[in-house]
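These values consider heavy atoms only, across backbone and side chains, with no hydrogens, waters or symmetry-generated copies. Naming convention: chains lettered A, B, ... in sequence-line order (proteins, then strands); numbering from 1 in each chain.
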Amino acid sequence: MADEEDELPETELSYDQKKEIAKWFLLNAPAGEINYVAKDLKAVLSDEEVYNEAAMEAFPVYNKSHMICLEMPSRAGDVIVSSYSEVTENEYLDPRTAQVAIVDHVKQICTKVRPANDEELPSLYIEEYRYALDAEIQRYVSESYPKGMCAVNCVKGKDTEGPGSDFELVVIITAMRLSPQNFCNGSWRSVWNIDFQDESQVLDIKGKLQVGAHYFEEGNVELDAKKDFQDSTIFQSADDCAIAIANIIRHHETEYLASLEVAYSKLPDNTFKDLRRKLPVTRTLFPWQNTLQFSLTREVEKELGLGK
Amino acid sequence: MEAALGLLRRMPPKQSETALSALLSLIPQHSSDLLSQVDLPLQVLRDIESGKDFILCEYNRDADSYRSPWSNKYLPPLEDALYPSSELRKLEVEANDIFAIYRDQYYEGGISSVYMWEDDNEGFVACFLIKKDGSKSGHGRRGCLEEGAWDAIHVIQVGPEDEEMAQYCLTSTIMLSLTTDDESSGKFGLSGSIRRQMKMELAVADGHLCNMGRMIEELEGKLRNSLDQVYFGKTREMVCTLRPPAEIVQMRLPDT
């Protein structure tokens, strides 16, 4: 590894190579920091063309994976940019207001909205379930997340007219806290896939939670935590399903938060100890001045064949 | 350069090697600056003659070879290579032995190396390195960690002796990463790096090793606590800000 770094590249990097590197930096920016990364990247690249092309390709991927929320004009609320709400690369559906938001990925803004047309919206039957679930989730999110945003999208079977077919709804919950002046940023992303299975009359629920935090005041530390969940409930009326699903989500997320707290509390005395103890087993500082003890210890270690 | 360092500060700590290679290829004209300001996880080589591992860094490198602190030989062998003076080498040997014991007491495993060389100011520079793999498949005694790495680099500049005192300037860098993976909390990973300095003027009578050792022990302890309480603590605070723990789990029952 050290050898590789010492070698200077023989030839200039190609346009494509530079672009791929630029994209890598953008895509790996922590939540809420892509614009700072972009600024530094532009300075390092000093090549507008490469940067612009890399940005055009990287920003949409970043925005969707971080599920950024963009404010829609005329106080219509926020739209969540995600692969579940994507209509085309620059258009995202907000099912709550039945509008499609047109976005500029690189600027990270919503430029305008238009009403969604019929093909983009789910059927009345599906909408009943989606609407009820959305209402329950909104209630849950407003109770549990100080700055959370949520959406429910239908990703499969949206044209189903009535019972007899399967369909799938996705619940997205996202919360971001950005405090660059305190050198601290964080994000929470939950994605819950609810598979409504008609034949077995069961709802198969799969959840993915991802929490990240970045603290970088005179140092650089990052938290990266994730967990997958699995649960199920019975296929009932739209309202009853909504309540059951929200309860399941609430239960798992609350439990997860509690177990994260446990993981943190175990750090100083347990987990961290596997890396470095606070003090030696003797509970005293190392006796640097006692050279006689060292010679003895060295002899003992040699005798017993200890130490590397 | 500022921008390059800014980028490195924002990239995930686990990806710092990839980030650095990417930057080196984009701005090769700044490579020596970058390499001297950025620390990467330490690499290790085996000294077959002594049967021990040693840590690689800029301070024991000459061309493409590295000097083992155990045998004092370069691997791969190198003609006309740089060596510390015999007096300094004696101190270096003692330092390696003592530091290995220190390492064992605090790290219960791992690898350590110490390198010394004369500097231009009639003093010398010593570099103390530790690398620990704390994962359950490595030297993690309690089996808590799926993955765990601690790399410590302590560089001390020792000034010339003046009226029985000497100036010691220590720069310590710690890089660490840990991941736990269990039923209840899923995959939980923390990683990061931190660097601090400490300057002291101490009596030479106690011995250079004793003085340097005490400073390293003190700063390492401070950094460990800081990482644990301040740095990791801030990320914990952030999680609780995003989603405060619910005192009571509110369950909504269907209206009958």
Side-chain angles (χ1 to χ4, degrees), chain A residues 1-3 5 8-9 13 21 24-25 28-30 33 36-37 40-41 43-44 143-145 175 177 184 186 188 211 213 215-216 219-227 240 243 247 254 257 259-260 263-264 267-268 270-277 280 285-286 288-289 294 297-298 307-308, chain B residues 3-4 6-7 9-13 22 24-28 43 52 56 64 97-98 100-102 105-107 132 134 140-142 144-145 148 150 176 184-194 210 213-214 217 224 228 231-232 234-236 238-239 241-243 245-246 249 251-252 254:
Chain A
M1 255 321 272
D3 286 20
E5 285 147 30
L8 296 181
L13 285 177
I21 292 178
W24 185 87
F25 277 107
N28 279 288
E33 296 183 29
Y36 296 93
V37 170
D40 285 337
L41 182 62
V44 169
E143 276 168 7
S144 304
Y145 294 83
R177 191 61 152 231
C184 197
W188 174 296
V211 191
Y215 177 58
F216 47 102
N220 178 18
V221 159
E222 192 189 73
L223 162 74
D224 179 18
K226 39 173 91 105
K227 184 153 188 227
D240 289 341
I243 292 171
N247 282 339
T254 309
L257 187 69
S259 58
L260 276 183
Y264 268 113
L267 266 184
N270 286 303
T271 328
F272 220 139
K273 244 182 170 167
D274 268 359
L275 285 180
R276 183 188 190 274
R277 300 176 61 100
L285 291 176
F286 191 73
W288 296 96
Q289 70 281 14
F294 295 150
T297 324
R298 247 179 290 172
K308 288 239 152 90
Chain B
L7 279 178
R9 255 190 299 261
R10 293 188 191 269
M11 289 298 108
L24 287 171
S25 59
L26 281 178
I27 46 171
Q43 306 284 317
K52 291 198 237 184
L56 311 184
D64 292 326
D97 284 343
I98 295 177
I101 302 173
Y102 165 85
Q105 300 237 304
Y106 274 100
Y107 294 87
K132 164 100 189 258
R141 286 289 171 94
R142 291 151 202 87
C144 301
L145 299 173
W150 170 292
L176 69 72
S184 59
S185 58
K187 205 148 183 244
F188 176 79
L190 285 165
S191 59
S193 68
I194 180 177
C210 188
R214 284 207 186 114
E217 184 174 23
R224 184 211 192 266
D228 177 28
Y231 285 79
F232 292 159
K234 288 269 178 186
T235 62
R236 177 186 196 167
M238 172 57 76
V239 174
T241 309
L242 288 169
R243 193 186 188 293
V249 174
M251 297 277 279
R252 242 186 65 109

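- Contact count against chain A (heavy-atom pairs under 4.5 Å) is highest for B:R10 among B:K234, B:R10, B:K132.
- Across B:S191, B:C210, B:G6, the residue that shares the most heavy-atom pairs under 4.5 angstrom with chain A is B:S191.
- For the set B:A4, B:G148, B:P13, the count of heavy-atom pairs under 4.5 angstrom toward chain A peaks at B:P13.
- Taking CG of B:L176 as the start and OG of B:S193 as the end, the distance is 8.5 Å to the nearest 0.5 Å.
- Looking at B:L26, the atoms closer than 4.5 Å to chain A (heavy atoms on both sides) sit in the backbone and in the side chain alike.
- The candidate with the highest count of non-hydrogen atom pairs below 4.5 Å against chain A, out of B:L145, B:I27, B:I194, is B:L145.
- Rounding to the nearest 0.5 Å gives a distance of 12.0 Å between OH of A:Y264 and OG of A:S259.
- Of the two parts of A:L275, the backbone and the side chain both hold a non-hydrogen atom closer than 4.5 Å to a non-hydrogen atom of chain B.
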**Prompt:** Does the pair B:R141 and A:K273 meet the rule for a side chain to side chain contact (heavy atoms under 4.5 Å, CB included), with working shown?
**Reply:** CA-CA 8 Å; B:R141 286 289 171 94; A:K273 244 182 170 167; over 6 Å; no

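- Ranking A:G219, A:P280, A:A225 against chain B, the residue ahead of the rest is A:P280, based on heavy-atom pairs under 4.5 Å.
- Taking B:G186, B:S185, B:G192 one by one and counting their heavy-atom pairs under 4.5 Å with chain A, the maximum is reached by B:S185.
- Contact of A:V37 with chain B is made through backbone and side chain together, with heavy-atom distances under 4.5 Å.
- Of the listed residues (A:L41, A:L267, A:I21, A:N220), the greatest number of heavy-atom pairs within a distance under 4.5 Å of chain B belongs to A:N220.
- Among residues two or more places apart in sequence or in another chain, the side chain to side chain donor-acceptor pair (under 3.5 Å) test is passed with B:Q105 by none.
- Using a 4.5 Å cut-off between heavy atoms, B:M11 touches chain A through backbone and side chain atoms alike.
- The greatest number of non-hydrogen atom pairs below 4.5 Å with chain B, out of A:V44, A:N270, A:V211, is found for A:V44.
- Here B:Y107 contributes atom OH and B:W150 contributes atom CH2; the two are 4.5 Å apart, rounded to the nearest 0.5 Å.
- Listed options B:T241, B:D228, B:V239 were ranked by heavy-atom pairs under 4.5 angstrom with chain A; first place goes to B:D228.
- Using the six-membered ring where Trp is involved, B:Y106 and B:Y102 have ring planes that are tilted, between 30° and 60° apart.
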**Request:** Kindly determine whether B:M238 and A:Y215 satisfy side chain to side chain contact (heavy atoms under 4.5 Å, CB included), including the steps that lead there.
**Result:** CA-CA 9 Å; B:M238 172 57 76; A:Y215 177 58; over 6 Å; no

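- For a residue to count as touching a neighbouring chain, one of its non-hydrogen atoms must lie under 4.5 Å from one of that chain's; by this rule A:L223 touches chain B with backbone and side chain alike.
- Closest of all the heavy-atom pairs between B:R243 and A:T254 is NH2-OG1, 3.3 Å.
- With sequence neighbours excluded, the residues satisfying side chain to side chain donor-acceptor pair (under 3.5 Å) with A:W188 are A:Y145, A:S190.
- Proximity to chain A involves both the backbone and the side chain of B:A22, based on heavy atoms less than 4.5 angstrom apart.
- In plain terms, the two heavy atoms of A:A213 and B:T235 that are nearest each other are CB-CB, 3.8 Å.
- Between chain B and the options A:K227, A:E222, A:R276, A:R277, heavy-atom pairs under 4.5 Å are most frequent for A:R276.
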